[in-house]
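Let me begin by presenting the structure, written as structure tokens, before commenting on it.
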Amino acid sequence: MPALPPFQVLIDEHAEVVMAVLRAAVGHEAADDCFQETFLAALRAYPKLNDAGNLRGWVITIAHRKAIDHHRARGRRPLPVAEVAEVGVEDPLPGGEIWTAVGVLPPKQRAAVTLRYASDLPHAEIADALGCSPAAARRSLHEGIKRLRKELA
Amino acid sequence: MTKTPMSGLVERASQEGLLDVAYTTTDSPFGPLLLARTPKGLVRVGLPNQDAEELLAELATRVSPRVLEAPGQFDEARRELDLYFEGRLESFDLALDWQLSEGFRRRVLRGIARIPYGQTRSYTQMARGAGNQRAVRAAGTACGSNPIPLVVACHRVLRSSGGMGGYGGGVPMKRALLELEGALDV
């Protein structure tokens, strides 16, 4: 079992992807708060983590839980479209128009598409992050892409 | 990376007692130093020729993996070190965490911490002070393993013959420190 690296290494290596995931999931403004909550929760749990093998997947999973908490707390469905467009402009993500369309997908599909194409996660890690089976993750991704094709055609 | 969520994170980690090991780097006339502390006090000083990444990995294993960069925790240490390197401070007033050394080694290191500024001792004297006059070689090893160099001034320990002996930061640095303290003029 590989030893746990200093927590700062985990931050340095994965802060960017966590921020991208959160901005896509909760919008630019709320992302800072969720970012702190994510890394605080990770820091709390860190010494007891058994597997140092997939820290990236682990911390992205936590980020998704924090995003869900955020939406629950606000008691409404996420993401006014305008915020997503802004994310697309500020972040170096390709094709602003595409990400605007991603922003109006249903939550699961949107998360799957974002994790796959903005964060470059493999299906298994997307499944971890969404708390579903790899098959279900693949399906969400597929549905999301199908819908995007239709929207953008 | 955005600065604000990061510094807020360190602050909250500290408030919640999650900041097991804080670290920073600071400049010195010899190059960058790594400083690491626990809530108890300074636990590790890395000299310029030592690999900071390796030292942090070791802290993660031996103390706690909750290791975070937190420059704000080192204002006093940095101030005292700056004064020391300017020749304007003779003894450090910093809380120390000795957990990285045990037994005979710790006794040797505590003895070293009591050597006054500008003076030197021999490895033999340090071995005797730690309760085992014949363990000269072990006393040398203890000096070499000093986790808190500079503040625990192992550069003040020389061979009985007057030879410089070794130094984790390299012998030229040891000589320069002793010159700074005026310990080599005799």
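Residue numbers begin at 1 in each chain, while the letters A, B, ... track the order of the sequences.
Of the listed residues (B:L47, B:L55, B:T24), just one forms a side chain to side chain contact (heavy atoms under 4.5 Å, CB included) with B:L34, and that residue is B:L55.
The candidate from A:L10, A:L43, A:D33 with the greatest count of non-hydrogen atom pairs under 4.5 Å with chain B is A:L43. Among B:A57, B:S64, B:P65, the residue making the largest number of heavy-atom pairs under 4.5 Å with chain A is B:P65.
Of the atoms belonging to A:P5, it is backbone heavy atoms, and not side-chain ones, that fall under 4.5 Å from chain B. Only the side chain of A:I11 comes within contact range of chain B, with heavy atoms under 4.5 Å apart. For a residue to count as touching a neighbouring chain, one of its non-hydrogen atoms must lie under 4.5 Å from one of that chain's; by this rule B:E53 does not touch chain A.
Here CZ of B:R107 is found 6.5 Å from CZ of B:F104. Values are rounded to the nearest 0.5 Å. Atom NE2 in A:H14 sits 7.0 Å away from atom CZ in A:R56 (nearest 0.5 Å). Atoms CD and CG, on B:Q119 and B:L178 in that order, are 12.0 Å from each other to the nearest 0.5 Å.
Environment of CZ in A:R138: sparse, with no more than 12 heavy atoms of neighbouring residues, nucleotides or ligands closer than 6.0 Å.
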